[in-house]
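Residue numbering restarts at 1 for every chain, and letters A, B, ... go by the order of the sequence lines.
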Protein chains: 2
Amino acid sequence: MFSKATEYALRATIYIAQHTTEDSKCRIDDIARGIDAPVSFTAKILQALRKDEKVINSISGPNGGFYITDKCRKKPVRAILDAMGEGEVLEKCVLGLKKCSNTSPCPMHSDYKEIKKKLLRLFEDRTIQDLADDKGMFLKLGKK
Amino acid sequence: MFSKATEYALRATIYIAQHTTEDSKCRIDDIARGIDAPVSFTAKILQALRKDEKVINSISGPNGGFYITDKCRKKPVRAILDAMGEGEVLEKCVLGLKKCSNTSPCPMHSDYKEIKKKLLRLFEDRTIQDLADDKGMFLKLGKK
DNA sequence: ATAATTCAGGACAATTTTGTCCTGAATAGA
DNA sequence: TCTATTCAGGACAAAATTGTCCTGAATTAT
C-alpha cells in the first residue's frame with residue numbers, strides 16, 4: 001500500500017507519540033530500534049516529518065531528541081502521509097489512470113471509490129494521538 | 001496501491017479481454033498503445049501473465065498475438081495480482097509489521113482489517129470478464 | 001571556552017523497479 | 001523452402017527507492 005519510508009514514518013510517529021513528552025524526548029537510535037528500521041534511514045524520514053508540514057519536533061544537543069507537541073498529536077494520521085508525499089495514494093485510480101473519475105470511470109471505479117472513501121475517512125478521522133492511545137493487548141511495533 | 005507493472009497488467013488484461021477472441025488476437029504494440037504503456041515493458045508483463053498462473057495466452061507468427069480464453073475470463077481479477085506477485089498487498093499490515101494480527105494488532109489493525117476484507121472481496125468476486133463487460137460511458141484506458 | 005551529545009543535511013552506495021534492445025524461435029503463407 | 005511476422009527471453013540501461021556515512025551545527029554542562 002505505502003512505501004517502506006511511509007511505513008517507517010507511521011511507526012516512528014506512533015513510537016514518538018507513545019514515548020515522549022515535550023520534557024522527555026527520545027533519540028534517533030532508540031526510535032529506530034523501537035520500530036525495527038535502519039537508523040540512518042530513519043533519520044532522513046524524521047527530517048521529512050519535521051519539515052513544513054511538521055508532524056514532529058526535535059532539538060539538538062544533550063537531552064535533545066525528537067518529540068511531538070500536543071497540537072501535532074491532534075493532527076489526523078493523514079498528515080504523516082502528506083508529509084511523506086503519499087497523500088495522493090488514497091485518491092488515485094487502481095489502474096493508474098490519470099483521467100479516471102465519476103464522469104470517466106475505469107471498470108473498477110465505482111466499487112473502488114467506496115473503498116477509497118473508507119480509507120480516507122480512516123486516515124482523516126483518526127488522529128496521531130488516537131493511534132498512540134490504542135495500546136492493544138499486544139502492541140509491538142517491531143518485526144518480531 | 002500497486003506497482004506500475006501491476007497497473008499495466010490490469011489494464012492490459014482488460015484491454016485483451018475487450019479486444020480479442022480466440023480467433024482475432026492482438027499484437028503487443030496495439031495493446032501497449034491502447035493502455036498507454038511502453039511497448040517492451042508491456043511485453044515483459046504479458047510474459048508474466050502468460051506463465052504458470054496463465055491469465056492470458058499467445059501464439060507467435062503472422063496473425064498471432066495475445067488473447068484470452070473463456071476459461072481465463074472467468075478467473076477473478078485477483079489472478080492478475082497473483083501472477084504479478086502482488087497478491088500479498090491485499091493482506092499485509094498498513095504499518096508494514098510482519099507480526100500484526102488479530103492477537104497481536106497494530107494500532108490500525110482493527111479498522112484496516114475491514115477495508116482489506118472489502119478489497120479482497122472486490123478482487124476475488126469480480127472476474128476479468130466482469131471488468132471487460134463494464135463499459136461505462138467513458139472507458140478510456142489511456143492517460144488522456 | 002571546551003568537550004560531549006545529538007540532530008541536520010548532503011554525498012554516496014546498494015537494491016529494486018522500470019524500461020530498452022537484440023537475437024532467436026515459432027508460425028503462416030507464398 | 002524462404003520470407004515475413006510476431007512472440008520469447010535474456011542482457012543491458014535508467015531511474016527511483018532504500019540505505020549508509022561523514023562533516024557540521026546546535027545545545028548542554030563543566
Length of the [atom1]-[atom2] vector between [X] and [N], whole Å:
{"X": "Asp36(B)", "N": "dG19(C)", "atom1": "CG", "atom2": "C1'", "result": "15 Å"}
{"X": "Glu86(A)", "N": "dA16(D)", "atom1": "CD", "atom2": "C1'", "result": "13 Å"}
{"X": "Glu7(A)", "N": "dT18(D)", "atom1": "CD", "atom2": "C1'", "result": "12 Å"}
{"X": "Asp29(A)", "N": "dT20(D)", "atom1": "CG", "atom2": "P", "result": "14 Å"}
{"X": "Lys25(A)", "N": "dT5(C)", "atom1": "NZ", "atom2": "C1'", "result": "14 Å"}
{"X": "Lys44(A)", "N": "dT18(D)", "atom1": "NZ", "atom2": "P", "result": "11 Å"}
{"X": "Asp30(B)", "N": "dT5(D)", "atom1": "CG", "atom2": "P", "result": "14 Å"}
{"X": "Leu49(B)", "N": "dC7(D)", "atom1": "CG", "atom2": "P", "result": "14 Å"}

Could you tell me whether the side chain of [X] and the main chain of [Y] form a donor-acceptor pair under 3.5 Å?
{"X": "Arg73(A)", "Y": "Ala17(A)", "result": "yes"}
{"X": "Lys116(A)", "Y": "Val89(A)", "result": "no"}
{"X": "Arg27(A)", "Y": "Gly64(A)", "result": "no"}

At 4.0 Å (heavy atoms only), tell me whether [X] reaches a base, stays on the sugar-phosphate, or touches nothing.
{"X": "Ile28(B)", "result": "sugar-phosphate"}
{"X": "Ser58(A)", "result": "sugar-phosphate"}
{"X": "Ala43(A)", "result": "nothing"}

Which nucleotide in the list [options] gets nearest to the side chain of [X]?
{"X": "Asn63(A)", "options": "dT28(D), dA8(D), dT20(D)", "result": "dT28(D)"}
{"X": "Phe41(B)", "options": "dC7(C), dT18(C), dT20(D)", "result": "dT18(C)"}
{"X": "Ser60(A)", "options": "dA26(D), dA29(D), dT20(D)", "result": "dA26(D)"}
{"X": "Lys4(A)", "options": "dG29(C), dT18(D), dT18(C)", "result": "dT18(D)"}
{"X": "Pro62(A)", "options": "dG19(C), dA4(C), dT20(D)", "result": "dA4(C)"}
{"X": "Phe66(A)", "options": "dA28(C), dA8(C), dT28(D)", "result": "dA8(C)"}

Under 4.0 Å between a side-chain N/O of Tyr8(B) and OP1 or OP2 of dG19(C), yes or no?
yes

Arg27(B) vs dT5(D): side-chain N/O to OP1/OP2 distance below 4.0 Å:
no

Exercise: identify the closest heavy-atom pair between Lys74(B) and Thr127(B):
O-CG2, 3.3 Å

For a salt bridge (Lys or Arg N to Asp or Glu O under 4.0 Å) check, start with the C-alpha distance between Glu86(B) and Arg78(B), then their side-chain angles and the critical distance, and finish with the verdict.
CA-CA 9 Å; Glu86(B) 292 216 66; Arg78(B) 168 149 200 182; over 6 Å; no

What do the steps show when you test Phe2(A) against Met1(B) for side-chain contact (heavy atoms from CB on, under 4.5 Å), and what is the final call?
CA-CA 7 Å; Phe2(A) 298 117; Met1(B) 172 105 241; over 6 Å; no

Identify, between Ile31(B) and Ile59(A), the residue whose nearest nucleotide on DNA chain D lies closer to the 5' end.
Ile31(B)

With nearest nucleotides of DNA chain C determined for Gly61(A) and Gln47(A) from heavy-atom distances, which residue corresponds to the more 5′ nucleotide?
Gly61(A)

